[in-house]
Structure formats: C-alpha cells, structure tokens
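Along the sequence shown, residues are numbered consecutively beginning with 1.
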Amino acid sequence: MLTGSEMGVVDENAEALGVPRKQLMESSGHAVARAVRGLSDAGDSVTIVAGRGNNGGDALVTARFLDDFDLRVLLLGRAETITTDISRENWEALQRAEYPTETVTDSATLDLGDPDLFVDAMLGTGIAGDLREPEATAAAAMNEGDATVLSVDVPSGLDAETGRLAENAVRADHVVTFHDTKPGLPDLDVPVTVADIGIPDAAELFVERGDLSRLERDPASHKGDNGEVLVVGGGPYTGAPALSAQAALRGGADLVRVACPAAVAREIQGYSENLILRPYDGECLAPAHVDRLADLAAAHDTLVLGPGLGDADATLDAVRELLSAFDGTAVVDADALSVVPEVETEADLICTPHQGELVGMGGETADDWRDRIDLVESFAAEIGQTLLVKGPYDVVSDGERTRVGRTGNPGMTVGGTGDVLAGVTGALACVQDPFDAAAIAAYAVGRVGDRVVDDNGYGLVATDLLDEIPRVLWQRDAEE
C-alpha cells in the first residue's frame, strides 16, 4: 500500500529512471478504459467527469479508447486552468480530434444527465477534506443517480494519506487504482482493480530525485521550526565535528550546536562563525559528561554522535551511557558505532557505517550490492535500528524497508565526506522519519559529490561539498 504522497515520489522516480509521466498517464488511461469495457457494453452512454489535474488527465486519455461508446467528457473548470502540461496536452488532443467535450465553470449549471456509467476523475490522491464546488455538486449527482460509478485511482473525496472518506465523497461502485492500493480503498467494500502501468520496481528500490519531494519548508516558519541539531564530537580530531555541524546547517537545520571538549573548542569554533559551541571540561568525552550532554541532547530534535570522538575506553563508555539515557533520534557515526549492538536504548538510531565498520558492529557484507541488501536488512532487523551502509551503492534499511542509493563517485573516498553525510542526515532527521532521512541524505550527499567532481574532477576535499548541499536538496530544478 502506498499513500498519495508516496505514490508521487514513485512517479517522479520512475521519470528519473526514464519512464516519463506522459507514458504512465497513457497506461493509466488505458487501464481505466479496460475497466469501463468490463462494466459496460459497446454503445452504452459513458460520461467522464474530469478535474484539472493529472487525475483528470488519466480520464482524458481514457476517452480516446472509448470510440464505440456514447461518450461525453466534462471538464470541471476552464481549460486554460488545467494544472499540468500533460493533462493539457490530452485535453487539446480531444479538441483536435473533435471528441464531445464540455467545460463546466458554474456548478449551478452542471447537468450530468443520466448515463449508464460515470467515470469519476475529479480529484486524485493529493486532495484532502470535504469536496468543494463544483466537485461537491457533481459528486451528489453521481451518488443520487442510478448509473455505475467508476472512480479513477481513488474516489473523489478519499484522503489518500489517511484513508478518511469525506461525507460528501463520491460513492464509487468500482475503483481502478494504479501500481499499488491506497489507504482507505480496502475499507470501501467495492471492487478495486490495481492496474500495472509500467512503473519499474527500481522506482521504489533506488533513491532518486523524486525522494526530494518529501522536503518542504513552511514559508511562515520561525527559527527552530526546521530543526535543532546537537553534534557531540571532537577531542582527538577537530575537523570532523565542524564538518558535520556545517553540513547540518546546509542540510536545512535552523540551529546547530557542537558539544566538544574545552581543550579543542576554540579550534572547532575557528572553522566557522556559524557554529555554536557547548564545551565541556577535559580533552575527550568521558562518563562524567553524560548527565549534562543527555539534558542538552533532549532539548534538540536530533543528536549526531561520533564525529572525531576517538575510541578511548572512557569515551566509548560515555557513548554507551549517553545512548542508554537518550530516547530521541540520533545519528551515530565513526567510533561510536562499535557500541551500538550492545546498548539498550529507547532512541531511534540512524547508524552510518562504511562496510568495515559494519563488520566491526557484527554485521556482514558482500561484494555485490544485491547481496548486501539482504545482509543489511537482516542486521538492521537484528539491532532494531536504521542502517545507512556506505559504499559505491549505499544500502539503507530499517529491517523492514530497504532502499539503495546509487549516487557518489570514487572521489568521495577522501576523509570527511562521512562526517558531511552524518550532518546532513541529522538535519533531515529533524523533519523526516529516520528511514527517509537516511535515504534522502545518501542520495543528496552522493549527488553533491557527483556535481563537484563533474565541475572540478577528482581531488575534492570534504569542504567542497558544503556549498552544493542546499542546491541539491532545495533547487530541485537543477536536478532535472
């Protein structure tokens, strides 16, 4: 089952893989026409009631496959307000071929007549709430008549995110949905046909630019609304926590703080004036610091734990204690990864090992990425956390869902790129669930590396990635 928003991601990923939406719409329209033929006889009267989005566009395609029916096509709204190019192209194709089309601009004049079958294609999976005009009047007319009602993808008025059916929704007799079922459809107690429209399995397996559509930013948001990240790192190394913190800022977090040993705080601060430091006494993380850090972490949306910490015994003891006391979302990287399998925690962890670190945690790996999928998924299920296993093909799994990232290049073997990935993952985990945050971060940071290498060749350093992060995440037109 896929929600409407998930289906949107899959559609766009299919396009990124070379299967354009226009082709998918053609297949969808054909599937609806097959359903019409199964519910009606040639010569029967069929009225298509189409909205101005892609749901309506699917039905406009359907019209071209119903030449042996008494056909009527109603567009709810003015043709010039059709919202997508491909739907507009299909409307114009009907005009040029002189199909019987009409536009409805006033619900008071709406007359659906009394056909044998209605095709409800007014509103698709992106709409929630009660129907408004003219859809409300059209739905009432369909519901009150005797005609069979065939809904396209979902009945108009069904919220494909929650499964809620509006009180004035279309009461369908049959539904043709695409690729996978949607929330609420199993509860309708009507036949539902799930049509294969040619979306490859890879559109769900591989992380592609469609996954970036999960990201949004409220124009009325205030400081802190888009996430606060605490990076706990530093001691033996100073560049790693600075890279993670800067990457978290570039990844969209509003506020990023770095908790580090006082001995290196000034050095870390020197990397950027944008960093907010929260130093603690000493030269490395130790159990004595845990209580303060636990309180500090609880005040943030995401904890990034590990960059530059080192593997001193006292440091790893402190990591164990901190994870045991924490119940939020944490990205665990570098030396901190080694303690994860033995820690009992209420936290949601996103672990970001390379393959050597994965083996050190107790997992298994394989040369072929296809074989690694099962191994990573099994280990994620065993430890009950999300894994982002870095490699030429990144594998992301929470034990139930698994995605593969194919971006990135050999230039990213340079030190520090993993710290950048941890920071971006931390920023995204403020506003996404851990699995989606990890998948998007894997795609985005790899794509950033690809752009840097495309522009400059190999020999990149980790700081080269920072400026490109917001371009990949937020300037989506540059990815198309």
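Salt-bridge check for Lys182 with Asp159: failed, with every basic side-chain N at 4.0 Å or more from each acidic carboxylate O. In summary, Asp254 and Arg217 engage in a salt bridge, as defined by a charged side-chain N under 4.0 Å from a carboxylate O. No salt bridge links Arg88 with Glu80; every basic N to acidic carboxylate O contact stays at or beyond 4.0 Å. Between Arg257 and Glu228 there is a salt bridge, since a side-chain N of the basic residue sits under 4.0 Å from a carboxylate O of the acidic one. Between Glu89 and Lys22 there is a salt bridge, with a side-chain nitrogen of the basic residue lying less than 4.0 Å from a carboxylate oxygen of the acidic one.
With hydrogens and angles disregarded, a donor-acceptor distance shorter than 3.5 Å links the side chain of Thr83 to the backbone of Arg52. For Gln95 (side chain) and Trp91 (main-chain N/O), a donor-acceptor pair under 3.5 Å exists by modelled atom type. Panel note: side chain Asn143, backbone Ala169; a donor-acceptor pair is recorded below 3.5 Å.
Around atom CZ of Arg401, more than 12 heavy atoms belonging to other residues, nucleotides or ligands sit under 6.0 Å away.
Not counting sequence neighbours, the partners of Asp68 by the salt bridge (charged side-chain N to carboxylate O under 4.0 Å, His left out) test are Arg37. Residues satisfying the side-chain contact (heavy atoms from CB on, under 4.5 Å) test with Asp180, not counting sequence neighbours, are Leu2. Here Ala429 pairs with Thr302, Thr329, Ile350, Ala437 under the side-chain contact (heavy atoms from CB on, under 4.5 Å) rule; sequence neighbours left out. Remark: Pro186 pairs with Met1, Thr181 by the side-chain contact (heavy atoms from CB on, under 4.5 Å) rule, at least two apart or across chains. For Asn274, the side chain to side chain donor-acceptor pair (under 3.5 Å) partners are Ser272, not counting sequence neighbours.
Between Ser45 and Asp70, the side chains place no donor N or O within less than 3.5 Å of an acceptor N or O (distance only, hydrogens not considered). If you check the side chains of Ser40 and Asp116, you find no donor sitting under 3.5 Å from an acceptor. Judged by distance alone, the side chains of Asn13 and Asp211 do bring a donor and an acceptor atom under 3.5 Å apart. In the model, Ser156 has no side-chain atom that pairs as donor or acceptor with a side-chain atom of Glu135 under 3.5 Å.
When Thr148, Thr193, Val149 are each tested for a side chain to side chain contact (heavy atoms under 4.5 Å, CB included) with His174, only one passes: Thr193.
Of all heavy-atom pairs spanning Ala14 and Ile199, the tightest one is CB-CG2, 4.2 Å.
Side chains of Met412 and Val445 form a contact here, defined as non-hydrogen atoms less than 4.5 Å apart. In this structure, Arg78 and Val104 have side chains that are not in contact, with every pair of non-hydrogen atoms separated by 4.5 Å or more. Residues Arg250 and Asp467 are in side-chain contact: their nearest non-hydrogen atoms beyond the backbone lie under 4.5 Å apart. Two residues are said to be in side-chain contact when any heavy atoms from C-beta on lie closer than 4.5 Å; Val404 and Val207 fail this criterion.
Here CZ of Arg406 is found 5.5 Å from OH of Tyr393. Values are rounded to the nearest 0.5 Å.
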Going through the checks in order, is the salt bridge (Lys or Arg N to Asp or Glu O under 4.0 Å) test met by Glu26 and Arg64? CA-CA 10 Å; Glu26 194 75 11; Arg64 292 189 281 104; 2.8 Å; yes
Could you give me the CA-CA distance, side-chain angles and deciding distance for Asp187 and Arg164, then say whether salt bridge (Lys or Arg N to Asp or Glu O under 4.0 Å) is met? CA-CA 10 Å; Asp187 302 323; Arg164 176 185 177 273; over 6 Å; no
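Residue pairs meeting the side chain to side chain donor-acceptor pair (under 3.5 Å) criterion with at least one partner in residues 196-207, sequence neighbours excluded, are His179-Glu204.
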